[in-house]
Amino acid sequence: MGGSVEQLQAQFHQLRMSETSKELPSFLRKAELKSWTYQELLHEPLTYEEKRREEKMIEKHLKWAKFPYEKSLDEFDLGEQPSINNRQLKQLQELSWLDQVFNLIFLGPPGVGKTHLAIGLGLEAIQHGQRVAFISMGELVSLLKTEENIRKAQLRLKRIRDADLVIIDDLMYMAMDQHEANLFFHLINHLYERSSIILTSNKGPEDWGELMGDQGITTAILDRLLHRAEVIHLNGSSHRIKHRQTVFQSKNVQN
Ligand code: ADP
Ligand code: MG
């Protein structure tokens, strides 16, 4: 006769099927109760183990992505953003640009939904098993500059370099010096043709040059970023301002 339930659990654990190990007593109870076939008794725990692994991987990837907030594409109101239509959004949501290692560049003034769209697509990619890293440009430059000395920066940059999709938020809100532009170039060069990049910026590529200082580096960075890229212009007025919260009670002016 085979081992006790505890022994079987230990064996599953040893074989790294920890979820099955934990749930084994419940599976055995159900098997008896519902007279599972042998096949069902194998199928149920294996399917459960797979599902739990996938869920745990998604949880891990969500943690690693470091989104500033989590808002889905379903929460994006197309009625408020006339520059992009339902069909285009659906196409982006299908993620074929990610499979083809295309970059996306969201341009437009503040508050039009650039970061929201980037995060929504990032969440979508994670649900499809991809690794995503979100970082603001300011934070990225400071990570790159401290990489040699700070272990936390090394780990974060490793996750960025290994990601399938890197979201760089608010590119060029600051001017970079030559050293910073160089570090940025090396990162972009590493990601080039290996990972997709989503950039958000309130300035167009034609203005990026002056903010990166050196013309040679700027050209090299732009070449790689724009080689396979879809540029999406978002216009309209700021959602933040339209939906501004106020500390004052709204007064009925007629009274
Ligand atoms: P940007 O990055 O372009 O400055 P955000 O994406 O951060 O703007 O948007 C600002 C806020 O407004 C966020 O809370 C975002 O969720 C919300 N927002 C912007 N556009 C929309 C939209 N079309 N539908 C729903 N929420 C929106
Ligand atoms: Mg933003």
Side-chain angles (χ1 to χ4, degrees), residues 61-95 97-98 102-127 130 132-144 156 159-160 163 165-176 180 184 187-188 191 195-208 210-212 221-222 225-226 229-248 250:
H61 287 174
L62 272 176
K63 211 171 94 196
W64 286 2
K66 291 210 173 278
F67 293 120
Y69 57 86
E70 286 179 21
K71 276 199 188 173
S72 69
L73 294 177
D74 292 340
E75 292 170 79
F76 193 79
D77 183 357
L78 283 170
E80 286 199 27
Q81 184 42 265
S83 320
I84 180 166
N85 64 36
N86 195 26
R87 190 179 52 82
Q88 289 167 320
L89 190 65
K90 280 263 143 37
Q91 264 178 12
L92 291 177
Q93 198 163 6
E94 281 165 13
L95 304 180
W97 54 273
L98 187 57
F102 257 73
N103 298 334
L104 300 180
I105 299 177
F106 291 122
L107 299 178
V112 292
K114 302 183 296 294
T115 303
H116 183 150
L117 279 176
I119 292 172
L121 289 169
L123 288 169
E124 202 70 35
I126 288 179
Q127 292 303 325
Q130 306 284 323
V132 177
F134 181 104
I135 186 132
S136 73
M137 186 66 189
E139 219 182 331
L140 179 60
V141 169
S142 104
L143 279 183
L144 288 167
R156 184 88 190 274
R159 296 212 172 126
I160 290 170
L165 168 63
V166 179
I167 300 171
I168 303 175
D169 197 35
D170 276 329
L171 185 82
M172 298 307 129
Y173 86 99
M174 54 190 257
M176 283 191 277
E180 292 167 342
F184 184 57
L187 177 73
I188 297 299
L191 296 174
S195 320
S196 281
I197 299 173
I198 296 182
L199 287 178
T200 78
S201 183
N202 52 20
K203 289 208 162 73
E206 64 283 359
D207 293 324
W208 295 353
E210 68 186 72
L211 288 150
M212 283 191 242
I221 292 174
L222 283 182
L225 286 177
L226 298 173
E230 188 66 47
V231 179
I232 298 155
H233 291 268
L234 299 172
N235 302 308
S237 53
S238 168
H239 180 93
R240 285 196 198 93
I241 291 173
K242 256 193 276 177
H243 296 264
R244 190 170 59 96
Q245 307 219 334
T246 168
V247 291
F248 300 114
S250 61

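In each ligand, atom 1 is the first atom listed, and ligand 1 is the first ligand listed.
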In terms of residue, atom name and distance, what is the protein heavy atom nearest to [atom]?
atom: atom 23 (N) of ligand 1; result: Asp77 O, 2.9 Å
atom: atom 25 (C) of ligand 1; result: Glu75 O, 3.4 Å
atom: atom 2 (O) of ligand 1; result: Thr115 OG1, 2.7 Å
atom: atom 8 (O) of ligand 1; result: Gly113 N, 3.3 Å
atom: atom 14 (O) of ligand 1; result: Lys71 NZ, 2.9 Å
atom: atom 21 (C) of ligand 1; result: His239 ND1, 3.5 Å
atom: atom 7 (O) of ligand 1; result: Arg240 NH2, 3.2 Å
atom: atom 6 (O) of ligand 1; result: His116 N, 2.8 Å

Looking at ligand 1, would Tyr69 count as a contact under a 4.0 Å heavy-atom criterion?
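Yes, that is the case, since the closest heavy atom of the residue is under 4.0 Å from the ligand.
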Applying a strict 4.0 Å limit to heavy atoms, is Val112 in contact with ligand 1?
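Yes.
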Does [X] reach ligand 1 with a nitrogen or oxygen that is under 3.5 Å from one of the ligand's nitrogen or oxygen atoms?
X: Lys114; answer: yes
X: Gly111; answer: yes
X: Glu80; answer: no
X: Leu78; answer: no

For the pair Asp170 and Ser136, evaluate side-chain hydrogen bond (donor to acceptor under 3.5 Å, both in side chains) and give the outcome as yes or no after the intermediate values.
CA-CA 6 Å; Asp170 276 329; Ser136 73; over 6 Å; no
Quick one: do Glu75 and Ser72 satisfy side-chain hydrogen bond (donor to acceptor under 3.5 Å, both in side chains)? Show the steps, please.
CA-CA 5 Å; Glu75 292 170 79; Ser72 69; 3.3 Å; yes
Which residues satisfy the ring pair (Phe, Tyr, Trp, His ring centres under 6.0 Å) test with Phe67, sequence neighbours excluded?
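With neighbours one apart ignored, the set is empty.
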Residues which pass salt bridge (charged side-chain N to carboxylate O under 4.0 Å, His left out) with Arg159, listed by chain and number, not counting sequence neighbours
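For Arg159 there are no salt bridge (charged side-chain N to carboxylate O under 4.0 Å, His left out) partners, ignoring immediate neighbours.
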Spacing of CD1 belonging to Ile160 relative to CD1 belonging to Ile135, to within rounding of 0.5 Å
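Between atom CD1 of Ile160 and atom CD1 of Ile135 there are 4.0 Å.
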When the side chains of residues 84-94 are checked against the rest of the protein, which donor-acceptor pairs come out under 3.5 Å, sequence neighbours left out?
from	atom 1	to	atom 2	distance (Å)
Asn85	OD1	Arg87	N	3.1
Asn85	OD1	Gln88	N	2.8
Gln88	OE1	Asn85	N	2.9
Gln93	NE2	Glu124	OE1	3.4

Is the shortest side-chain heavy-atom distance between Phe76 and Lys71 below 4.5 Å?
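No - every pair of side-chain heavy atoms lies 4.5 Å or more apart.
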Sphere of radius 2.8 Å around the Mg ion (ligand 2) - protein N, O or S atoms inside
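Short answer, with waters excluded from the count: Thr115 OG1.
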